[in-house]
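To keep things clear, I will list the structure first and then write my remarks on it.
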Amino acid sequence: MKKVSIVALVLAILMTVSLFGCSAPAESSAPAASDSAAPTADDSSAPAADGSAAPAESLDASKVSDAVKGKRLAVAHISIYDEWCKAVYDELMVQAPEMGFSEVNIQDGDINAETQQKQVEDFINQQYDMILIDPVSPDGIQPTLDKAEAAGIPVIAFDSGTDWEDLVSHIAWDHAQTGVLTGEYVADYAKENLGGKLRVGVLAMLDAPHTSIRSEKFKETIEKELGKENIEYVFDQDFGKTRESAANIVTNNIAKPVDIIWAAVGNAAFGAKSALETAGVTGPKIVVAGDWGAEPFNAINDGDPYYMMCVAVPPANIVETTLDTAKKYFEGDTDIPKEQNIELGIVDKNNISEYMKYVQ
């Protein structure tokens with residue numbers, strides 16, 4: 001198993017500019033520990049050469065708690081396949097050492113339940129102080145989490161959740177609400193521009209419950225707002241996770257008129273966009289239930305003829321809340337909420353200027 005210690009902190013910081021300057025590949029992976037850059041002499045916050053944590057006095061004192069000194073975090077990430085998930089990885093690599101945690105080991109589950117279960121079992125065997133998990137299978141992971149509980153290792157879920165009753169907390173964004181927000185946005189667009197009628201293509205992502213519910217709520221919302229009789233589903237398919245598969249679905253339906261293409265995530269959106277561009281089709285607009293980073297923000301800011309809007313949540317916020325919850329747990333806080341939601345935001349031409357600060 002590849003182990004990512006905080007020696008990779010400096011690399012993560014140095015890579016941030018390039019990572020946010022272009023889209024992450026459809027199937028990317030976490031950088032290995034061997035890729036780590038050596039700390040510079042004037043970098044007082046860099047990890048020591050032997051991989052140990054930087055001394056607390058060299059960090060931001062307002063963020064560091066004595067309760068987390070020496071604590072080792074293990075992170076079972078659902079995937080690092082798109083820019084948002086990769087940005088979560090980057091934020092964990094930066095924020096955890098800043099708060100005083102001695103190690104953060106992040107593993108890519110690759111949206112594979114068996115892979116993630118094995119990773120969590122390895123974390124348990126290595127006796128990490130806490131496990132942070134974005135579950136691939138909310139139900140399937142529970143027996144493995146039972147083993148963590150038996151070993152005395154607390155667990156916090158972020159992003160996708162699980163009904164496992166012994167979670168310290170679940171920090172997420174309301175994925176059902178992303179479907180509602182995009183549905184209301186599309187319904188308003190149809191009323192204002194299409195006479196209240198809509199021809200829509202749906203690129204769903206059904207492998208994970210938190211993305212599956214986005215398309216479910218989107219369809220419920222547009223049907224409520226416009227009436228089923230006024231909606232034609234030109235296609236409604238699970239695109240999997242790659243841009244190529246999304247592009248293939250759109251290409252296979254390219255002869256059919258469509259007003260809106262709804263995408264569960266950014267990879268689906270940009271796969272659809274490439275198919276439309278290749279075919280020279282004009283007119284369809286793309287809305288996305290969850291996207292983040294330079295690629296979508298630049299598209300909106302530049303007035304892309306296809307990419308119209310996305311629902312976004314800053315990765316830094318979900319990581320900050322997750323790590324702050326971990327800190328509170330180690331400090332002995334007994335009033336940690338079981339559910340914590342991060343605020344959502346619609347990003348389109350009307351407010352894109354507020355998000356361009358995240359493009360580096």
Would you check, one step at a time, whether the test side-chain contact (heavy atoms from CB on, under 4.5 Å) holds for Val311 with Arg214? CA-CA 11 Å; Val311 175; Arg214 297 178 188 179; over 6 Å; no
Taking all non-hydrogen atoms of both residues, which atom of Val136 and which atom of Ala113 are closest, and how far apart? CG1-N, 3.5 Å
Looking at every non-hydrogen atom in both residues, tell me the closest pair between Pro154 and Val168 and how far apart they are. CB-CG2, 3.9 Å
Is the CG atom of Asn125 crowded by more than 12 outside heavy atoms at less than 6.0 Å? yes
Quick check: do Val88 and Phe158 have side-chain heavy atoms less than 4.5 Å from each other? yes
Tell me whether Val186 is reachable from Ile213 by hopping between hydrophobic residues (I, L, V, M, F, W, Y) whose side-chain heavy atoms are closer than 4.5 Å. no
For Leu167 and Thr162: C-alpha separation, side-chain torsions, deciding distance, then whether side-chain contact (heavy atoms from CB on, under 4.5 Å) applies. CA-CA 8 Å; Leu167 280 179; Thr162 172; 3.7 Å; yes
Just so I know, are the side chains of Ile346 and Glu184 near enough to count as touching, which here means a heavy-atom distance under 4.5 Å? no
For the student: nearest non-hydrogen atoms of Pro314 and Trp84, plus distance: C-NE1, 4.5 Å
So, Gln119 side chain and Asp108 main chain: donor-acceptor pair closer than 3.5 Å or not? yes
Looking at Asn350, is its backbone amide N or carbonyl O close enough to the side chain of Asp348 to form a donor-acceptor pair, meaning the two atoms are under 3.5 Å apart? yes
Under 6.0 Å from the NZ atom of Lys228, do we count more than 12 heavy atoms belonging to anything else shown? no
Should the pair Lys328-Glu331 be classified as a salt bridge under the 4.0 Å nitrogen-to-oxygen rule? no
Heavy-atom check, side chain of Val75 versus side chain of Met93, under 4.5 Å: no
Just wondering, do Asn105 and Gln126 contact through their side chains at under 4.5 Å, heavy atoms? yes
Please say which of Val155, Ile141, Ile153 ends up in a side-chain contact (heavy atoms from CB on, under 4.5 Å) with Val120. Ile141
Asn341 and Glu339: side chain donor to acceptor below 3.5 Å: no
Do Trp292 and Trp173 have ring centres separated by under 6.0 Å? no
Given side chains that start at C-beta, do those of Val200 and Ile231 come closer than 4.5 Å, heavy atoms only? yes
Under 4.0 Å between a side-chain nitrogen and a carboxylate oxygen: does that hold for Glu277 and Lys273? yes
State whether the number of non-hydrogen atoms from other residues, nucleotides or ligands found under 6.0 Å of Glu114 atom CD is greater than 12. no
Validation row: Leu132, Leu323 side chains within 4.5 angstrom (heavy atoms): yes
Is any NZ, NE, NH1 or NH2 atom of the basic residue among Asp259 and Arg199 found under 4.0 Å from an Asp or Glu carboxylate oxygen of the other? yes
Should Ile260 and Val180 be regarded as members of a common hydrophobic cluster, given that ILVMFWY residues are connected when their side-chain heavy atoms come within less than 4.5 Å of each other, either directly or indirectly? no
Side-chain donor or acceptor of Thr278 paired with backbone N/O of Ala275 under 3.5 Å: no
Should the ring pair Tyr355 and Phe297 be called parallel, tilted or perpendicular, given that the plane angle runs from 0 to 90° and is split at 30 and 60? tilted
Calculate, to the nearest 0.5 Å, the distance between atoms NZ and OH belonging to Lys219 and Tyr233 respectively. 6.0 Å
Counting N and O atoms only, with roles assigned by atom type, does the side chain of Gln116 sit under 3.5 Å from a partner on the main chain of Asp134, one being a donor and the other an acceptor? yes
Please answer whether the main-chain N or O of Tyr189 pairs with a side-chain N or O of Asn193 as donor and acceptor at a distance below 3.5 Å. yes
Are more than 12 heavy atoms from other residues, nucleotides or ligands located less than 6.0 Å from atom CD of Gln127? no
Note: Ser215 and Val202 closest approach over all heavy atoms is CB-CG1, 4.2 Å
Please confirm whether the backbone N or O of Tyr307 pairs with a side-chain atom of Asp304, one donor and one acceptor, at under 3.5 Å? yes
Is any side-chain heavy atom of Val313 less than 4.5 Å from a side-chain heavy atom of Ile318? no
Please step through side-chain contact (heavy atoms from CB on, under 4.5 Å) for the pair His210 and Ile78, ending with a clear verdict. CA-CA 11 Å; His210 69 293; Ile78 191 170; 3.5 Å; yes
On a heavy-atom basis, the closest approach of Asp238 and Ile249 is O-CD1, 4.0 Å
Other residues, nucleotides, ligands: >12 heavy atoms within 6.0 Å of Glu165 CD: no
Got a second to check how far Glu225's CD is from Ile222's CD1, nearest 0.5 Å? 10.5 Å
Within the distance-only criterion (no hydrogens, no angle test), does the side chain of Asn267 pair as donor or acceptor with the backbone N or O of Thr242 below 3.5 angstrom? no
Does the side chain of Ser169 come under 3.5 Å of the side chain of Gln340 through a donor N or O and an acceptor N or O? yes
Given the options Ile300, Asp302, Val359, Asn298, Ile352 meets side-chain contact (heavy atoms from CB on, under 4.5 Å) only with Ile300
Looking at Glu295 and Lys86, is any side-chain nitrogen of the basic one under 4.0 Å from a carboxylate oxygen of the acidic one? no
Flag side-chain contact, heavy atom, 4.5 Å: Ile286 against Phe270: no
Nearest heavy-atom neighbours spanning Ile254 and Ala279: CG1-CB, 3.7 Å
Return yes when atom OH of Tyr185 has more than 12 non-hydrogen atoms of other residues, nucleotides or ligands closer than 6.0 Å, and no otherwise. yes
Could you state the interatomic distance from CG (Asn112) to OG (Ser137), rounded to the nearest 0.5 Å? 10.5 Å
From Asp333 CG over to Lys327 NZ, what is the distance, rounded to the nearest 0.5 angstrom? 10.5 Å
For residues Glu103 and Tyr128, is any side-chain donor paired with an opposing acceptor at under 3.5 Å? yes
Aromatic rings Trp262 and Phe218: how do their planes relate, parallel, tilted or perpendicular, breaks at 30° and 60°? parallel
Chi angles and distances behind the salt bridge (Lys or Arg N to Asp or Glu O under 4.0 Å) call for Glu220, Lys217: CA-CA 5 Å; Glu220 283 183 8; Lys217 292 298 181 182; 3.4 Å; yes
Can you tell me how far OG1 of Thr321 sits from CD1 of Ile171, rounded to the nearest 0.5 angstrom? 7.0 Å
Yes or no on side-chain contact (heavy atoms from CB on, under 4.5 Å) for Ile124 and Ile131, after CA distance, side-chain angles and deciding distance? CA-CA 9 Å; Ile124 295 169; Ile131 294 172; 4.2 Å; yes
Answer yes or no: is there a donor N or O on one side and an acceptor on the other, between the side chain of Ser102 and the main chain of Lys71, under 3.5 Å? yes
Does Ser212 use its side chain to pair, donor to acceptor, with the backbone of Leu206 at less than 3.5 Å? no
Measuring from Leu73:CG to Leu92:CG, what's the distance to the nearest 0.5 Å? 8.5 Å
